[in-house]
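Okay, structure first, notes after.
As a basis for the values below, the full set of heavy atoms in this structure was taken, side chains included, without hydrogen atoms, waters or symmetry mates.
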Amino acid sequence: MPEKGQPPCELAAAKKSLASRVKQIRRLASESIGKRQTRLISDRFMEARSQGLECTVPGVISGYWPINHEIDITQLLRSLHGEGMTICLPVYNGLKRSMIFRSWEPGDVLYSGTFGVYEPSREKKELRPAVLLVPLLAFDALGNRLGYGGGCYDSTIIALRRLGDIITVGVAFDCQQVDSVPADERDQRMDWIITEEKVMRLGRI
């Protein structure tokens, strides 16, 4: 990880270079694994629960609707809803560079919002999740996460952690793991990372 105080322009350049490389890797993984990814990631999530990931019923868990070859968790969200979990999806607030979360149920119509991300309608109830499933562009063994560069997830996680305990679960294809993700003190590490092949229990370092 870059040392604290690294010039922001150097950190941004390092992140951009890594993002460009890993997007192609993720696309190839998505095409190769295909529809099996929905079952595989559900299996790994259940494995994480058996290893101590707290996901109790009833409870509120935030997912995401996959775009740009992100690993598909839609079947997992349906299964968790079927268990009695309350599911929500992120809604971007561009002015604050952060997100709120609105409820989702299977069959709900979603709308294309900021960055083309599908979001619930404004009529859906706003919620505060206890568990966040977070899409990744890249990750490393320390739980550092590379996103799309807007800082929305980092800002949101910081705000949620000020309000109480939350659990962050990064979700990616196994091939998206790299030796080191460029990061500084504002980049929020994941508590867990799950891929189609493994579960990583990290906690916060």
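Residues Arg102 and Leu89 are not in side-chain contact: their nearest non-hydrogen atoms beyond the backbone lie 4.5 Å or more apart. By the 4.5 Å heavy-atom criterion applied to side chains, Thr74 and Pro66 are counted as neighbours. Side-chain contact between Tyr153 and Pro90: present, with at least one pair of heavy atoms (C-beta onward) separated by less than 4.5 Å. Between Glu70 and Arg26, the closest side-chain pair of non-hydrogen atoms falls below 4.5 Å. With a 4.5 Å cut-off on side-chain heavy atoms, Leu146 and Lys15 count as touching. Counting heavy atoms from C-beta outward, Val131 and Glu54 have side chains that stay 4.5 Å or more apart. Within the 4.5 Å cutoff, the side chain of Thr168 has no heavy atoms near those of the Gln188 side chain. Contact of the Arg162 side chain with the Ile158 side chain is registered, since non-hydrogen atoms from C-beta on lie closer than 4.5 Å.
The same ILVMFWY cluster, assembled from side-chain heavy atoms under 4.5 Å apart, contains both Val199 and Leu132. Tyr118 and Leu77 fall within a single hydrophobic cluster, where Ile, Leu, Val, Met, Phe, Trp and Tyr are joined by side-chain heavy atoms under 4.5 Å apart, directly or via other members. Under the 4.5 Å side-chain heavy-atom criterion for ILVMFWY residues, no single connected hydrophobic cluster contains both Ile157 and Val91. At a threshold of 4.5 Å between side-chain heavy atoms, the hydrophobic network of Ile, Leu, Val, Met, Phe, Trp and Tyr places Ile167 and Leu127 in two separate groups. In the hydrophobic clustering of this structure, Val57 groups with Ile166; members are Ile, Leu, Val, Met, Phe, Trp, Tyr whose side-chain heavy atoms approach within less than 4.5 Å, directly or through other members.
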Query - Residue pair Ile61, Ile87: steps toward the side-chain contact (heavy atoms from CB on, under 4.5 Å) verdict - result: CA-CA 5 Å; Ile61 182 167; Ile87 307 300; 3.1 Å; yes
Requested in this report: Check the pair Lys125 / Asp108 against salt bridge (charged side-chain N to carboxylate O under 4.0 Å, His left out), numbers first and verdict last.
Outcome: CA-CA 13 Å; Lys125 184 178 180 181; Asp108 282 356; over 6 Å; no
Report task. Walk me through it: do Leu53 and Phe45 pass the test side-chain contact (heavy atoms from CB on, under 4.5 Å)? Result -> CA-CA 9 Å; Leu53 171 59; Phe45 186 85; 3.6 Å; yes
Requested in this report: Please step through side-chain contact (heavy atoms from CB on, under 4.5 Å) for the pair Leu76 and Met46, ending with a clear verdict.
Outcome: CA-CA 9 Å; Leu76 172 60; Met46 299 309 168; 4.0 Å; yes
Report task. Would you sort out whether Arg189 and Leu202 count as a side-chain contact (heavy atoms from CB on, under 4.5 Å), showing the intermediate values? Result -> CA-CA 9 Å; Arg189 287 175 170 152; Leu202 300 158; over 6 Å; no
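Under the 3.5 Å distance criterion, the side-chain polar atoms of Ser50 are matched with a main-chain donor or acceptor of Glu47. Side-chain N or O atoms of Ser155 include one that pairs as donor or acceptor with a backbone N or O of Gly151 at under 3.5 Å.
The shortest non-hydrogen separation linking Arg201 to Gly52 is NH1-CA, 4.0 Å. Across all non-hydrogen atoms, the minimal contact from Pro106 to Arg78 is CG-CG, 4.2 Å. Nearest heavy-atom pair, Cys88 versus Phe101, reported as atom, atom and distance to 0.1 Å: SG-CB, 3.7 Å. Closest of all the heavy-atom pairs between Arg145 and Gly147 is NH2-CA, 3.7 Å. Smallest separation of non-hydrogen atoms from Ala183 and Asn144: CB-OD1, 4.0 Å.
Of the residues Lys124, Glu123, Glu119, the one that meets the side chain to side chain donor-acceptor pair (under 3.5 Å) test with Ser121 is Glu123. Among Ile194, Ile41, Leu80, the single residue meeting the side-chain contact (heavy atoms from CB on, under 4.5 Å) criterion with Ile73 is Ile41.
By the 30° and 60° cut-offs, the orientation of the rings of Trp104 relative to Trp65 is tilted.
With rounding to the nearest 0.5 angstrom, the CE atom of Met190 is 11.0 Å from the CG atom of Asp140. Expressed to the nearest 0.5 Å, how far OG1 of Thr38 lies from CG of Asp72 amounts to 6.0 Å. The distance from atom CZ of Arg49 to atom SG of Cys55, rounded to the nearest 0.5 Å, is 4.5 Å. In this structure, the separation between NZ on Lys16 and CG on Leu11 is 14.0 Å, given to the nearest 0.5 Å. Arg39 CZ to Arg44 CZ: the interatomic distance, rounded to the nearest 0.5 Å, is 8.5 Å. With rounding to the nearest 0.5 Å, the separation of CG in Asp191 from CE in Met200 is 12.5 Å.
Not counting sequence neighbours, the partners of Val109 by the side chain to side chain contact (heavy atoms under 4.5 Å, CB included) test are Tyr111.
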Contacts table for residues 169-179: side-chain donor-acceptor under 3.5 angstrom, sequence neighbours left out:
{"residue": "Asp174", "atom": "OD1", "partner": "Thr195", "partner atom": "OG1", "Å": "3.1"}
{"residue": "Asp174", "atom": "OD1", "partner": "Lys198", "partner atom": "NZ", "Å": "2.4"}
{"residue": "Asp174", "atom": "OD2", "partner": "Lys198", "partner atom": "NZ", "Å": "3.4"}
{"residue": "Gln176", "atom": "OE1", "partner": "Phe173", "partner atom": "N", "Å": "2.8"}
{"residue": "Gln176", "atom": "NE2", "partner": "Leu136", "partner atom": "O", "Å": "2.8"}
{"residue": "Gln176", "atom": "NE2", "partner": "Leu137", "partner atom": "O", "Å": "2.9"}
{"residue": "Gln177", "atom": "OE1", "partner": "Lys198", "partner atom": "NZ", "Å": "3.0"}

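Other residues, nucleotides and ligands place more than 12 heavy atoms under 6.0 Å from the CD atom of Glu31.
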